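The chain is numbered in sequence order, starting from 1. Here the structure is a predicted model, which means the values were calculated and not measured.
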Amino acid sequence: MSRADAVALLLALAACEQKMRDQARLDPLEPAAFFADDMEARNSPAGVVPRGQARLDRHLWQGRAQGGLFVATYPFTITRADLARGEQRYAIHCTPCHGRLGAGDGVAVQRGYPAPLLHRPAAAGRPGRAFVRRRQPRSGHHARL
């Protein structure tokens, strides 16, 4: 690169505008007349768990009680909306291997992939154990869900 090219490049870069840097913005905890409460910082919507906070609840995050034993209850009350959301997530992420009814006969299995390990006696009737298997799977494809 010649000296003239370097000077031209520097002049071109200096002429660029930093529109995002120069635009109006609010600093955290700064008053904001835009909102009815005049505060820039917004509260989280009801039911939102801040990132990292779910790990503090062993029942929710690990499916275990204080003594390290698997729990026998769910960490929250299961509603019809939860069931509908779970059905939707299952249809999207699980049916390729597990099949629509959970029999391990999904499209991936029909095309030659090994069938998933399904009904383990140790997990029967223990939501905590099933939850841990889902949250901490051994195979890599589940970890991305």
Side-chain angles (χ1 to χ4, degrees), residues 1-2 5-6 8-30 32 34-145:
M1 174 183 283
S2 72
D5 290 338
L9 179 63
L10 285 174
L11 288 174
L13 289 175
C16 290
E17 290 188 36
Q18 298 284 328
K19 290 186 179 183
M20 283 187 67
R21 184 189 67 190
D22 296 335
Q23 72 183 3
R25 66 178 178 82
L26 297 172
D27 290 325
L29 304 179
E30 182 179 329
F34 178 78
F35 297 107
D37 60 2
D38 293 327
M39 293 183 61
E40 181 274 331
R42 311 308 311 148
N43 291 326
S44 298
V48 170
V49 178
R51 174 174 259 162
Q53 294 296 310
R55 293 177 190 251
L56 300 177
D57 185 348
R58 287 180 56 115
H59 191 178
L60 176 64
W61 189 255
Q62 298 176 342
R64 293 183 184 268
Q66 289 295 351
L69 300 174
F70 291 115
V71 298
T73 60
Y74 290 98
F76 54 89
T77 303
I78 305 294
T79 64
R80 288 212 178 268
D82 295 324
L83 292 174
R85 172 81 171 159
E87 182 179 15
Q88 177 198 38
R89 298 287 92 189
Y90 182 87
I92 293 170
H93 297 291
C94 304
T95 56
C97 295
H98 294 274
R100 189 78 180 134
L101 299 177
D105 58 353
V107 175
V109 176
Q110 293 172 11
R111 293 185 179 170
Y113 284 90
L117 300 174
L118 293 173
H119 306 285
R120 293 183 177 258
R126 302 300 303 253
R129 180 145 185 132
F131 183 77
V132 168
R133 291 293 303 147
R134 179 69 194 98
R135 175 72 78 178
Q136 301 166 353
R138 291 185 185 179
S139 57
H141 68 279
H142 285 97
R144 293 189 303 267
L145 300 181

Which distance, rounded to the nearest 0.5 Å, do you find between the [atom1] of [X] and the [atom2] of [Y]?
{"X": "Gln66", "Y": "Leu69", "atom1": "CD", "atom2": "CG", "result": "11.0 Å"}
{"X": "Asp37", "Y": "Asn43", "atom1": "CG", "atom2": "CG", "result": "7.5 Å"}
{"X": "Cys97", "Y": "Gln110", "atom1": "SG", "atom2": "CD", "result": "11.0 Å"}
{"X": "His59", "Y": "Phe70", "atom1": "NE2", "atom2": "CZ", "result": "12.0 Å"}

Which atom pairs, donor and acceptor, lie under 3.5 Å between side-chain atoms of residues 75-85 and protein residues at least two apart or in another chain?
residue: Thr79; atom: OG1; partner: Ala81; partner atom: N; Å: 3.4
residue: Thr79; atom: OG1; partner: Asp82; partner atom: N; Å: 3.2
residue: Thr79; atom: OG1; partner: Asp82; partner atom: OD2; Å: 3.1
residue: Asp82; atom: OD2; partner: Thr79; partner atom: N; Å: 3.0
residue: Arg85; atom: NH1; partner: Gln88; partner atom: OE1; Å: 3.3

- Between Glu40 and Glu30, what is the shortest heavy-atom contact and its length? CB-O, 3.0 Å
- Heavy-atom closest contact (Ala41 atom, Leu29 atom, distance): CB-CD2, 3.7 Å
- Is it true that atom CG of Leu101 has more than 12 heavy atoms of other residues, nucleotides or ligands lying nearer than 6.0 Å? no
- Flag if over 12 foreign heavy atoms under 6.0 Å of OH, Tyr90: yes
